[in-house]
Amino acid sequence: MKLISLKIISRGIRGWESPELLFGDRTTSLYAPNGSGKTPLLQALAFSLGFSSKFREDIREHCESTELSFEFNSNIYTIKRKLTSDFNAELICKERSYKFFSEGELSKALFDLFSMPPPVLISASRLPASPYVSTILPIFYVRQDGGYIDPYSPPAKFISDQFVEMIRFAFGLPPKRSYNSQKELIKAKESLESIQRRLVLQQNLILEASASVDDSPINEEKLRNKSTQLAKQVEELRESVDTNGAADNALIELLQSKEEQIRSTRRQYNDLRLRLIGIESIRSEIKGEIATLSLNEESKRVFESFLDICNRSDCGLFATSAQSYAKNLVYLKDQIKDIETNARKAELQISILEQNLIDQERERALISSKMKQPENQNITSQLISAVQSITKELVETEQELAAIKRLNDLKVKYVNLSNDRSHIQDSIANLTNSARSDLQFSQIKQQIRELTVKWMDVLNTPNASRQVNIDADFKISFGNETIDVFTGSTRNRLILAIHAAIFEEYLSVASRPFRFLILDTPKQNELSSEDLSNFLHKLQDVCDKKGGQIIISATEYHHDIGANDREWRPQYQGAKQPMYLGPPHETPQPTF
């Protein structure tokens, strides 16, 4: 984007206008006394691009519109914008005209022209927001109103972290925090909360199921063998010729199996009772340690109250012991929680085993009674009893296997939920830390950091550390001091050094569109002409090498221009001095 010309159109024959002011290929200098209208011209330049310039009332009363022409990709574009309260702009190229009635529409058209797709950012009110040309322009426009106070001085700040977002946008980098990423982050956090709740529920289900189920591989294999054996016995009873003997043998085997089952249940019951006693003993010991720890802390507090030991409240004599007390107390309380969880599980298992013993002993008595029936009892009845008993045992075995399968399914689901949680946590970490891990942005910051030091030296900047730091929010500090600390000449020099550093780094890529830097009247009373001249000549060298333009407005300093540069001087006769704006009927003097 190369600036070509600027013109202000009069509001009728009694209004004010300017001639067509041509920009220099490299440097455009406005040199005139205060009050001649330098600042309104630079305001008109920014205003044409959508900037919210605040013109004085007499300018709005006498001027109708502004016209800015620029070249981009070998095409000439002209933006006409009316000086009205409502936004009204027109973009003209090759006799085609496009009208815009909002800053957003014009900005989008220009960004599309410059191949700069605007990101959807987060506004200060947490809503989606898009950048405008007026939000990016303060990087390249140091205006009188606030421009020499802060390195980034826009007409309004409505985007969260607006400075760093505009730096990233200008340099073609992804945003620090886009609205879509923020939506994804919120959604991910909601998913994480949901999956946390499901994990807790799943953990409780596993705890309840594991209290009544032994899902060890050995027990599962034992149950499968038992199921196979019982099914085989039922089949043998059906096929046996000697049905009476087969029924007796089946009942004997069933009774033996039941006896073994009862012995196993009693062993588990006794083991759990002993474990519960041990848990209670450990719990009592830990509670005793907590009581002792608390007693020691109380004693320490009494000890601290003796003024002859430590008569200062902040002496720190007992700081280490206080930290140790807190850590130990948290550790012991966590142990108590774990023990109570194990105790509840053991108590639940004991309750289940007690009921199982009652059921198993009743089943053993039933089998035994059937075996003691008279020999002359109906053979068919004995066979039916044997089949019923074995079938019942088979069903119970299958139920235990089904319970083990349900428990294993619960555990598999828990593992899957845990994996899903890990993936969501990784996503949250990536969404949160994307800006911090941006290598390209880090490289740009490093270049701007080094260039800032260079321009500080060019401007002979005193009293500011050369240890320049730029953080992830593009906040610039000098040693341990931010720019807010500095005043007067030092602050002006730092502002100019920062803008020159950003501009030089920006120009290093030829395809970047904003290739101009506007400096509206640096405070010459706080910056010597010699230092300003040196600064501008060095800046011109950068523009020569990288294809940039400088527009400088000055009152006391008269900058030397080259062959292809331009100097704008006031050409209309004013009441007290020459002016940059005048009536249409007055012929202006030729511009330089």
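Scored by the salt bridge (charged side-chain N to carboxylate O under 4.0 Å, His left out) test, R466 finds D457 as partners (sequence neighbours excluded). Here F51 pairs with Y141 under the ring-ring contact (aromatic ring centres under 6.0 Å, His included) rule; sequence neighbours left out. Qualifying side-chain contact (heavy atoms from CB on, under 4.5 Å) partners for N469, counting only residues two or more places apart in sequence or in other chains: S477. Partners of D420 by salt bridge (charged side-chain N to carboxylate O under 4.0 Å, His left out), not counting sequence neighbours: none found. A search for salt bridge (charged side-chain N to carboxylate O under 4.0 Å, His left out) contacts involving R81 returns nothing, not counting sequence neighbours. D112 meets the side-chain contact (heavy atoms from CB on, under 4.5 Å) test with K108; sequence neighbours excluded. S130 is linked by a side-chain hydrogen bond (donor to acceptor under 3.5 Å, both in side chains) to nothing, counting only residues two or more places apart in sequence or in another chain. Contacts of D25 classified as salt bridge (charged side-chain N to carboxylate O under 4.0 Å, His left out), with partners at least two apart in sequence or in another chain: K2. For T487, there are no side-chain contact (heavy atoms from CB on, under 4.5 Å) partners, not counting sequence neighbours. Every ring-ring contact (aromatic ring centres under 6.0 Å, His included) that F114 has, sequence neighbours left out, goes to F72, F514. T66 is linked by a side-chain hydrogen bond (donor to acceptor under 3.5 Å, both in side chains) to S48, counting only residues two or more places apart in sequence or in another chain.
Under 3.5 Å, the side chains of S134 and E103 contain a donor-acceptor pair of N or O atoms.
At a threshold of 4.0 Å, the pair D145-K54 does not count as salt-bridged, since none of the basic side-chain nitrogens sits closer than that to a carboxylate oxygen.
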Should R11 and E17 be marked as a salt bridge (Lys or Arg N to Asp or Glu O under 4.0 Å) after you check the CA-CA gap, both sets of side-chain angles, and the distance that decides it? CA-CA 8 Å; R11 192 179 295 278; E17 67 174 8; over 6 Å; no
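Between W455 and F535, the ring center distance clears the sub-6.0 Å criterion.
For residues 77-110, the set of pairs meeting the ring-ring contact (aromatic ring centres under 6.0 Å, His included) definition, not counting sequence neighbours, comprises F70-Y77.
Taking every heavy atom of both residues into account, R493 and P462 meet most closely at CD-CD, 3.9 Å.
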